[in-house]
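As structure tokens, the structure follows; a few thoughts come after it.
In this text, all values refer to a predicted model and were calculated from it rather than measured experimentally.
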Amino acid sequence: MRERHRSKETKERFKKAFFALYAEKKIEKITIKEVAELAGFNRGTFYLYYKSIYDLLQKSEQELLDDFAKMLDLNVKFYFGLIDAPDESMLSNSIEHTEYIRILNSENGDPRFKSRMKNIIKDAYRKHINQNNTVVSKVEYLLEYVVEANMSIFQYWFMNRDKDFPRISLKDIREIIQYVDQNGFKKAFETFADK
């Protein structure tokens, strides 16, 4: 048990070191030596967990996307009235990942990451929409609109979080989305104009 905890802690240190470097430069400029030293380990320890910098990126992205999918699934179920309220612990877990997601969506980040997030959002909504997936319908256009709007507001929050925080929280963003969904844009602009 202690060994598993130590392993998880070691991987977390590598991930934090990698993202600290990734925030500053493109992935092809990051070396294993830099990541290992910043994490407080040697290259040999790095290779116990990862094959390369790209392997570390891929595993980190997958972990973030898996957590994002779980959180999103709960939020979509809440939106469709299938549960009373989303689990707030899932929301706090996603807040821990916001800096990593911000970096992945930044200039140095992975352009495929946003597309993968978008597909997760679409899949979460599709589970609850009765639709023939072989035909492009108005629902697909609506879905594209909803997904882009949601991605855009989260992207905006990720990029402006430092200057907006703590005034605008992730919970506030969810409230804005929910309000627009229920009341439309005109009413939302009237309601949030002075806030």
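The closest side-chain heavy-atom distance from F192 to K187 is not below 4.5 Å. The closest side-chain heavy-atom distance from F46 to I53 is below 4.5 Å. Counting heavy atoms from C-beta outward, Y54 and E28 have side chains that approach closer than 4.5 Å. At a threshold of 4.5 Å between non-hydrogen side-chain atoms, the residues K118 and E148 count as touching. Looking only at side-chain heavy atoms (C-beta outward), L38 and K16 stay at 4.5 Å or farther from each other. Under the 4.5 Å side-chain criterion, counting only non-hydrogen atoms from C-beta, D110 is in contact with Y22. In this structure, the side chains of L82 and H128 come closer than 4.5 Å at one or more pairs of heavy atoms. Looking at K138 and L142, their side chains never come closer than 4.5 Å, going by heavy atoms from C-beta outward.
Between K122 and E144 a salt bridge is recorded (basic side-chain N to carboxylate O distance below 4.0 Å). Here R126 pairs with D123 in a salt bridge; the nearest charged N to carboxylate O distance falls below 4.0 Å. Salt bridge status for K77 with D73: present, with a side-chain N to carboxylate O gap under 4.0 Å. Electrostatic pairing of R102 and E99 counts as a salt bridge here, judged by a charged N lying under 4.0 Å from a carboxylate O.
Considering every non-hydrogen atom in both V180 and A188, the closest pair reads CG2-CB, 3.6 Å. Nearest heavy-atom pair across E24 and N108 is C-ND2, 3.4 Å. Pairing each heavy atom of A39 with each of A17, the nearest pair is N-CB, 3.7 Å. For the residue pair I153 and I177, the shortest heavy atom distance occurs at CG2-CD1, 3.7 Å.
Around the NZ atom of K25, the shell of radius 6.0 Å holds more than 12 heavy atoms that belong to other residues, nucleotides or ligands.
Residues F41 and F14 place their aromatic rings such that the two centres sit under 6.0 Å apart.
Judged purely by atom type and a 3.5 angstrom limit, S152 has no side-chain atom pairing as donor or acceptor with the backbone of A149. Under a 3.5 Å cut-off, the side chain of W157 and the backbone N or O of I168 do form a donor-acceptor pair. Looking only at distances, a side-chain donor or acceptor of E34 sits under 3.5 Å from a matching main-chain atom of T31.
Taken to the nearest 0.5 Å, the CG atom of L64 stands 5.0 Å off from the CZ atom of F113.
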For F19 and L104, run side chain to side chain contact (heavy atoms under 4.5 Å, CB included): C-alpha distance rounded to whole Å, both residues' side-chain angles, the deciding distance at 0.1 Å, then the answer.
-> CA-CA 9 Å; F19 276 103; L104 286 164; 3.8 Å; yes
Run the numbers on K59 and E63 for salt bridge (charged side-chain N to carboxylate O under 4.0 Å, His left out), then give the verdict.
-> CA-CA 6 Å; K59 287 178 178 170; E63 179 185 317; over 6 Å; no
Apply side chain to side chain contact (heavy atoms under 4.5 Å, CB included) to the pair D181 and V146, showing each step before the final yes or no.
-> CA-CA 9 Å; D181 287 346; V146 169; 5.8 Å; no
From CA spacing to verdict: side chain to side chain contact (heavy atoms under 4.5 Å, CB included), I101, M117 | CA-CA 10 Å; I101 293 171; M117 285 183 75; 4.1 Å; yes
So E12 and K15, salt bridge (charged side-chain N to carboxylate O under 4.0 Å, His left out) or not? Walk me through it.
-> CA-CA 5 Å; E12 190 60 34; K15 185 165 69 173; 3.5 Å; yes
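Side-chain contact of Y100 with S60: a donor-acceptor pair under 3.5 Å is absent, judged by distance alone. Inspection of the S52 and D55 side chains reveals no N or O donor paired with an N or O acceptor under 3.5 Å.
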